[in-house]
Amino acid sequence: MDEGVDLKALHDAICAAIAAQFPALRTVEAYREEVERTTLATPACLVELFELEASAENDPGTEQLAMMARFEARLVLGYREADAKIEARRLAAAVAQFVLRQNWGLGPSVDRAAVLGCYPDDFDPRLDQYEVMRVEWEQLIRVGTDVWSGEGVPVTDVRYSWVPRVGLPFEAEYRPLDGPAPVTE
């Protein structure tokens with residue numbers, strides 16, 4: 001039975017995977033509150049889930065809520081680091097390639113990631129002293145417990161009919177399936 005995605009576990013898995021893939025990153029965190037020049041060890045990757053949108057067209061039929069989760073990873077380099085502008089972009093491209101098709105080892109509750117793009121990020125005043133690139137991606141997640149046990153429904157009485165004599169008005173004409181159905185022309 002699928003228990004659905006746990007958002008804390010999803011964030012932890014994303015940060016752990018990025019940290020393992022990019023050991024040169026000195027900071028990999030989600031929702032860092034304090035971003036100051038003196039406390040942020042760079043290069044850094046700051047992960048955030050910035051949007052959850054219901055996705056009715058992806059309803060799995062399990063009573064789980066399908067949602068499109070949109071993430072961003074801000075890749076932060078000190079502006080005084082050698083070739084900071086190009087290195088931030090190289091790092092963003094490498095992270096985007098790594099994120100592509102990831103489900104972070106979380107099974108059926110998390111579909112594979114689709115990268116939306118890499119963009120310069122100049123809008124956070126706390127990051128004015130840094131070179132920042134943002135990688136955005138989205139992936140479908142399922143929230144809540146799957147109501148199906150996975151065992152199926154046992155069928156003890158299988159019956160058949162043929163077109164056009166099918167449906168409730170013809171239910172009395174259905175025959176039990178004890179073996180192969182007779183061939184009719």
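As a basis for the values below, the full set of heavy atoms in this structure was taken, side chains included, without hydrogen atoms, waters or symmetry mates.
Counting only heavy atoms from C-beta outward, the side chains of Leu49 and Tyr31 approach each other to under 4.5 Å. Val95 has its side chain within reach of Leu75: a pair of non-hydrogen atoms, C-beta onward, lies under 4.5 Å apart. Put simply, the side chain of Val76 does not reach to within 4.5 Å of the side chain of Pro43, judged on heavy atoms. Counting heavy atoms from C-beta outward, Arg32 and Leu40 have side chains that approach closer than 4.5 Å. Counting only heavy atoms from C-beta outward, the side chains of Ile141 and Val143 approach each other to under 4.5 Å. Annotation: side chain of Glu48 is in contact with side chain of Arg74 (closest heavy-atom distance under 4.5 Å).
Hydrophobic clustering keeps Tyr130 apart from Met133 (ILVMFWY residues linked when any side-chain heavy atoms are closer than 4.5 Å, directly or through intermediates). Cluster annotation: Leu140 is not connected to Val5 through the hydrophobic network of ILVMFWY side chains, with a link wherever side-chain heavy atoms come within less than 4.5 Å. In terms of hydrophobic clustering, with Ile, Leu, Val, Met, Phe, Trp and Tyr side chains grouped at heavy-atom distances under 4.5 Å, Leu52 and Trp137 are assigned to a common cluster.
A salt bridge does not link Glu87 with Arg89: every distance from a Lys NZ or Arg NE/NH1/NH2 to an Asp or Glu carboxylate oxygen is 4.0 Å or more. A salt bridge links Arg142 with Asp111: the closest approach of a Lys/Arg side-chain nitrogen to an acidic carboxylate oxygen falls below 4.0 angstrom. Salt-bridge check for Arg70 with Glu72: failed, with every basic side-chain N at 4.0 Å or more from each acidic carboxylate O.
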request  = May I have the step-by-step check of side chain to side chain donor-acceptor pair (under 3.5 Å) for Glu81 and Thr42, ending in yes or no?
outcome  = CA-CA 9 Å; Glu81 292 180 37; Thr42 60; 2.8 Å; yes
key: Trace of the side-chain contact (heavy atoms from CB on, under 4.5 Å) decision for Val135 with Phe71   = CA-CA 8 Å; Val135 175; Phe71 287 90; over 6 Å; no
task = Could you give me the CA-CA distance, side-chain angles and deciding distance for Val28 and Phe22, then say whether side-chain contact (heavy atoms from CB on, under 4.5 Å) is met?
result = CA-CA 10 Å; Val28 180; Phe22 299 95; over 6 Å; no
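Rounding to the nearest 0.5 Å places CZ of Arg165 at 13.5 Å from CD of Glu171. For the atom pair Cys45 SG and Leu91 CG, the distance stands at 7.5 Å (nearest 0.5 Å). To the nearest 0.5 Å, atoms CD (Gln139) and CG (Leu100) are separated by 10.5 Å. Separating the CG atom in Leu46 from the CD atom in Glu29 is a distance of 7.0 Å, to the nearest 0.5 Å.
Counting only N and O atoms by type, the side chains of Thr145 and Gln64 include no donor and acceptor under 3.5 Å apart.
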